[in-house]
K.L.:
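Before I ask anything, here is the structure I am working with.
Convention: sequence-line order gives letters A, B, ...; per-chain numbering from 1.
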Number of protein chains: 2
Amino acid sequence: MLNHMVEQSPRLDAVFHALADPTRRAMLGQLAERELTIGELATPFSMSFAGASKHVRVLENAGLVTRTIQGRTHLCRLQAARLAEANAWLRRYERFWNEKLDTLEALLRAEDEAAAEKSKTLKE
Amino acid sequence: MLNHMVEQSPRLDAVFHALADPTRRAMLGQLAERELTIGELATPFSMSFAGASKHVRVLENAGLVTRTIQGRTHLCRLQAARLAEANAWLRRYERFWNEKLDTLEALLRAEDEAAAEKSKTLKE
DNA sequence: CTGATTGTCAACCAAATGGTTTAACTTCTT
DNA sequence: AAGAAGTTAAACCATTTGGTTGACAATCAG
């Protein structure tokens, strides 16, 4: 069941925020093929090293990228676990875009309401 | 294969940005159960009507919510198609979290180090 | 008509974002 | 030792964000 309370998840905040920028999504796309340095990540976007560095920092804070310092270069590597978490969150809404499950959903909701009413009478 | 070009998708920008806020994610959770008015969306968060109205606007701009004006009340309904789009984007990376299970382990290790460094600021 | 309810709009605020530039620090090369 | 290369840090800037308040418009109830 979807959460009634305020959803408190700084991790999801950071992941979705990181994904909300097209440059960062493109960087992840690049990193899906091979590990890249900050400079290699910067050049395709005609962006300063410092700018790219900031984006990588955001991806790192979201847990989407890890960094290995090799001499003076910083090798960045994709970490997909957090993408899986975001995917898991989204899939909770899958029934809303999958019509096949509509009847099952209605059935489960009826059961939930019955259970809620039962607990209410027990409380009185 | 994942895209080499700069990913240009204002829709994904808007969807991921909308999902990056915990209040908005919670609002979607509420709307997954039934349609709600602006006021009904505002009260659980002890937030002003205007504040909730702004969040709903963001969700609307992202295509995640549609609104039906009934008299003086605005009924909001979840629209899941854009969530499906975001899900589709994430699934392009599915092989990265299916192939390697130790990715999570590496991530947790990196996270522990980051947490140790940030524990001061995280403690309110 | 008189109020109360529902919601938007505009103005404002502090904080964060995405970007730059300049300076500095390492590390590698010669 | 000198200099080039890779990266970060700091300062700065314009814009956006998430939130508030107060005024206003529309609708409903008496």
K.L.:
Expressed in angstrom and rounded to an integer, what is the separation of B/Arg25 atom CZ from D/dG18 atom C1'?
P.N.:
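Those two atoms, CZ and C1', are 15 Å apart.
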
K.L.:
The side chain of A/Asp21 is closest to which nucleotide in this list: C/dG18, C/dG7, D/dA9?
P.N.:
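Taking heavy atoms from C-beta onward, the closest nucleotide is C/dG18.
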
K.L.:
Specify the separation, in whole Å, of atom CZ of A/Phe16 and atom C1' of D/dT17.
P.N.:
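After rounding, the reported distance stands at 18 Å.
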
K.L.:
Between P on D/dT7 and CG on A/Leu41, what's the gap in Å once rounded to a whole number?
P.N.:
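Going from A/Leu41 (CG) to D/dT7 (P), I get 9 Å.
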
K.L.:
Rounding to an integer number of Å, can you tell me how far A/His74 NE2 sits from C/dC25 C1'?
P.N.:
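These atoms are roughly 11 Å apart.
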
K.L.:
State which of C/dG7, C/dT6, C/dA11 makes the closest approach to the side chain of B/Lys54.
P.N.:
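Shortest atom-to-atom distance from the side chain points to C/dA11.
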
K.L.:
Specify the separation, in whole Å, of atom CZ of A/Phe49 and atom P of D/dA9.
P.N.:
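The answer, rounded to whole Å, is 16 Å.
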
K.L.:
Take the protein atom CZ of A/Arg72 and the nucleotide atom C1' of C/dA24, then report the distance between them rounded to whole Å.
P.N.:
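The distance from CZ of A/Arg72 to C1' of C/dA24 comes to 16 Å, rounded to the nearest Å.
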
K.L.:
Give a yes/no answer on whether the side chain of B/Arg24 brings an N or O atom under 4.0 Å of OP1 or OP2 in D/dG18.
P.N.:
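Answer yes for this pair, as a side-chain N or O of B/Arg24 is under 4.0 Å from OP1 or OP2.
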
K.L.:
Check whether any side-chain N or O of A/Ser48 sits under 4.0 Å from OP1 or OP2 of C/dT20, and answer yes or no.
P.N.:
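Yes, A/Ser48 has a side-chain N/O under 4.0 Å of OP1/OP2 on C/dT20.
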
K.L.:
Would you say a side-chain N or O of B/His17 is under 4.0 Å from OP1 or OP2 of D/dT17?
P.N.:
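Result: yes.
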
K.L.:
With heavy atoms under 4.0 Å as the rule, sort B/Gly51 into base, sugar-phosphate or nothing.
P.N.:
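Answer is base: heavy atoms of B/Gly51 come under 4.0 Å of a base.
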
K.L.:
If you compare all heavy atoms of B/Ala42 against all heavy atoms of B/Ser48, which two are closest, and at what distance to 0.1 Å?
P.N.:
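For B/Ala42 and B/Ser48, the tightest heavy-atom pair comes out as CB-O, 4.1 Å.
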
K.L.:
For A/Ala20 and B/Glu40, take the nucleotide of DNA chain C holding the closest heavy atom to each; which residue's nucleotide lies nearer the 5' end?
P.N.:
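Whichever sits nearer the 5' end wins; that is B/Glu40.
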
K.L.:
Can you tell me if B/Arg57 touches the phosphate of C/dT8, counting only side-chain N or O atoms and a distance under 4.0 Å to OP1 or OP2?
P.N.:
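So the side-chain polar atoms of B/Arg57 never come under 4.0 Å of the phosphate oxygens OP1 or OP2 of C/dT8.
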
K.L.:
Under 4.0 Å from OP1 or OP2 of C/dT8: is there any side-chain N or O of B/Ser53 that close?
P.N.:
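Indeed, a polar side-chain atom of B/Ser53 lies that close.
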
K.L.:
Which of these, B/Glu60, B/Glu33, B/Glu35, sits in a salt bridge (charged side-chain N to carboxylate O under 4.0 Å, His left out) with B/Arg77?
P.N.:
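Answer to the salt bridge (charged side-chain N to carboxylate O under 4.0 Å, His left out) test with B/Arg77 among B/Glu60, B/Glu33, B/Glu35: B/Glu35.
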
K.L.:
Report the relative orientation of the aromatic rings in B/Phe16 and B/Trp89; use parallel for angles under 30°, tilted for 30 to 60°, perpendicular for over 60°.
P.N.:
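The arrangement is perpendicular - the two ring planes meet at more than 60°.
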
K.L.:
Which is true for B/Ala52 with a 4.0 Å heavy-atom rule: it touches a base, it touches only sugar-phosphate, or it touches nothing?
P.N.:
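Nothing, no nucleic acid heavy atom in range.
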
K.L.:
Under 3.5 Å, side chain of A/Thr73 to main-chain N/O of A/Ile69, donor-acceptor pair present?
P.N.:
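Looks like no, no N/O pair under 3.5 Å.
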
K.L.:
Does the side chain of B/Arg67 reach to within under 4.5 Å of the side chain of B/Val56, using non-hydrogen atoms?
P.N.:
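With C-beta onward as the side chain, the pair touches.
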
K.L.:
Quick one: A/Gln70 CD to D/dG6 P, roughly how many Å, whole number?
P.N.:
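It is 14 Å, rounded to the nearest whole Å.
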
K.L.:
Side chain of B/Met47 only, please: which of D/dG19, C/dT8, C/dT26 is the nearest?
P.N.:
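Minimum distance to the B/Met47 side chain belongs to D/dG19.
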
K.L.:
Rounded to the nearest angstrom, tell me the gap between atom CD1 in B/Ile69 and atom P in D/dT27.
P.N.:
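Rounding to the nearest Å, CD1 of B/Ile69 and P of D/dT27 are 9 Å apart.
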
K.L.:
So, does A/His55 get its side chain near the phosphate of C/dG18, meaning an N or O under 4.0 Å from OP1 or OP2?
P.N.:
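It does not, given that no N or O in the side chain of A/His55 lies less than 4.0 Å from OP1 or OP2 of C/dG18.
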
